[in-house]
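I have placed the structure first, in the form of structure tokens, so that the comments after it can refer back to it.
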Amino acid sequence: MMLSNYKIPGFLLVSLGGLFLSSGGALFKLFENQDVWTIYFWRSFFFIPAVLIFLFFSSKNNIVKKFKGLGWIGVVCALLYATGSGAYMFAMKNTTVANVLFIISTQTFMLAIAGYFLLKEKINLSTLIAILMASIGIYIMIGTKISNGTALGNAFAFITPVCFTSIVMIIRKYQQTDMVPAVALSGLFCLIAGAIMSSNLSMSAHDFYLAFLFGALQYAPGFICLTLGSRTTESAKVGIFAFSEAIAGPIWAWIFINENPSTGVFVGGAIIFLALLLKSFKK
């Protein structure tokens, strides 16, 4: 039985997904081995079984049928998952956790715009005002000298919301197709890419433990919840509730890796947060 069949509201699943994913930055920066491709490989190594276990208990004998039912659009979705997650880790390597998470929060507005053009969802005045406010916030974060993010890290960070927006458009358009198997398939793509690109897959016991947490207990439940929640939540609202990741992420980074964000991140992030509050309370 799927999580959604337990009457868990879609917006709550999206929020839970964001909370699960919010610890990703802190976990990544705790690795002793900072080779992104090696972490990419081992995270996927633990991620794939976790998703398959969920599929086993939720689908029973229909697992093979669900994978076959993905079609080409499911493969595209899996590639987008893999690309977005890889860009996320390269962004984390090149800039701060807060910078990455607040940039990812722009997916709220990407989703609203994509929903308007692709799914014919209306954009009202409050949405337009929120988009303008978020643009100002992002400029303060990465377009001025008060921000401590690097151009490379910020560029990678923007890839993630683009991929996620595309994924949500696919999930919303093809609601009859269960895209959780695509999440598992993305892990296979990540595993292969990591094996090819990494020069050395060896890790310490400390890093193996982190890879297990990263793949099985953080990334897998996060994207399972986001995938299921996106099926029944309007596109623009998906980004709003997924903002739980941007709210909690810097807190984990501050607690576990003592990362103190710059003034620019706080100022820009506060403006984005106000924009999201506006979007939350205005229809």
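Only heavy atoms go into these numbers, but all of them, side chains included; no hydrogens, no water, no symmetry mates. Just so it is clear, the model here is predicted, and its values are computed rather than measured.
Qualifying side chain to side chain contact (heavy atoms under 4.5 Å, CB included) partners for E32, counting only residues two or more places apart in sequence or in other chains: S204, H206, D207. Listed by chain and number, the residues in a side chain to side chain donor-acceptor pair (under 3.5 Å) with S202 are N200 (sequence neighbours excluded). For S15, there are no side chain to side chain donor-acceptor pair (under 3.5 Å) partners two or more places apart in sequence or in a different chain. Not counting sequence neighbours, the partners of L217 by the side chain to side chain contact (heavy atoms under 4.5 Å, CB included) test are F212, L213. Contacts of F28 classified as ring-ring contact (aromatic ring centres under 6.0 Å, His included), with partners at least two apart in sequence or in another chain: none. Remark: W37 pairs with no residue by the side chain to side chain donor-acceptor pair (under 3.5 Å) rule, at least two apart or across chains. Under the rule for a side chain to side chain contact (heavy atoms under 4.5 Å, CB included), the partners of T160 that lie at least two apart in sequence or sit in another chain are A87, Y88, I104. Not counting sequence neighbours, S230 has no partner by the side chain to side chain donor-acceptor pair (under 3.5 Å) test.
Side-chain contact check for D35 and T38: at least one donor-acceptor pair (N or O, by modelled atom type) lies under 3.5 Å.
Within the model, atoms CG of L228 and CD1 of I171 stand 8.5 Å from one another, a figure rounded to the nearest 0.5 Å. Here the straight-line distance linking atom CD1 of I103 with atom CZ of F156 works out to 12.5 Å at 0.5 Å rounding. From L152, atom CG reaches atom NZ of K93 across 10.5 Å, with rounding to the nearest 0.5 Å. Atom OG of S166 and atom CE of M110 lie 9.5 Å apart (nearest 0.5 Å). Atom CG in L55 sits 7.0 Å away from atom CD1 in I224 (nearest 0.5 Å). The CG atom of L13 sits 11.0 Å away from the CZ atom of R231 when rounded to the nearest 0.5 Å.
Residues L19 and E245 have side chains not in contact (no heavy-atom distance under 4.5 Å, counting atoms from C-beta outward). Under the 4.5 Å side-chain criterion, counting only non-hydrogen atoms from C-beta, F31 is in contact with F214. Residues S235 and L119 have side chains in contact (heavy-atom distance under 4.5 Å, counting atoms from C-beta outward). With contacts defined as side-chain heavy-atom distances shorter than 4.5 Å, the pair F11/E234 does not qualify.
Criterion: ILVMFWY side-chain heavy atoms under 4.5 Å apart, direct or through other members. Under it, F20 and M179 are not part of a common hydrophobic cluster. Hydrophobic clustering keeps V64 apart from L188 (ILVMFWY residues linked when any side-chain heavy atoms are closer than 4.5 Å, directly or through intermediates). In terms of hydrophobic clustering, with Ile, Leu, Val, Met, Phe, Trp and Tyr side chains grouped at heavy-atom distances under 4.5 Å, I39 and L30 are assigned to a common cluster.
In plain terms, the two heavy atoms of A242 and V14 that are nearest each other are N-CG1, 3.6 Å. When all heavy atoms are compared, the tightest approach of L16 to C225 is CB-SG, 4.3 Å. The minimum heavy-atom distance linking N33 with M203 is given by the pair ND2-CG, 4.5 Å.
With a 6.0 Å radius and a threshold of 12 heavy atoms from other residues, nucleotides or ligands, Y116 has its OH atom at or below the threshold. Shown here is Y209, whose OH atom has no more than 12 heavy atoms of other residues, nucleotides or ligands within 6.0 Å.
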I167 vs I170, test: side chain to side chain contact (heavy atoms under 4.5 Å, CB included). Steps then yes/no.
CA-CA 5 Å; I167 289 167; I170 291 173; 5.7 Å; no
Check the pair L111 / F164 against side chain to side chain contact (heavy atoms under 4.5 Å, CB included), numbers first and verdict last.
CA-CA 9 Å; L111 284 164; F164 183 66; 4.3 Å; yes
Using a 3.5 Å cut-off and no angle test, enumerate the donor-acceptor pairs between side-chain atoms of residues 72-83 and protein atoms at least two apart in sequence or in another chain.
unit_1, atom_1, unit_2, atom_2, d
Y81, OH, T227, OG1, 2.4
T83, OG1, L79, O, 2.8

Taking distance alone, no hydrogens or angles, what donor-acceptor pairs closer than 3.5 Å link side-chain atoms of residues 41-54 to residues at least two apart or in another chain?
unit_1, atom_1, unit_2, atom_2, d
W42, NE1, L201, O, 2.6
R43, NH2, S85, OG, 3.1
S44, OG, Y40, O, 2.8

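Side-chain atoms of Q218 come within 3.5 Å of backbone atoms of L21 as a donor-acceptor pair (strictly under, hydrogens ignored). Remark: the backbone N or O of P161 is paired with a side-chain donor or acceptor of T165 at under 3.5 angstrom.
Residue pairs that meet the salt bridge (Lys or Arg N to Asp or Glu O under 4.0 Å) test with at least one member in residues 114-132, sequence neighbours left out, are E121-R172.
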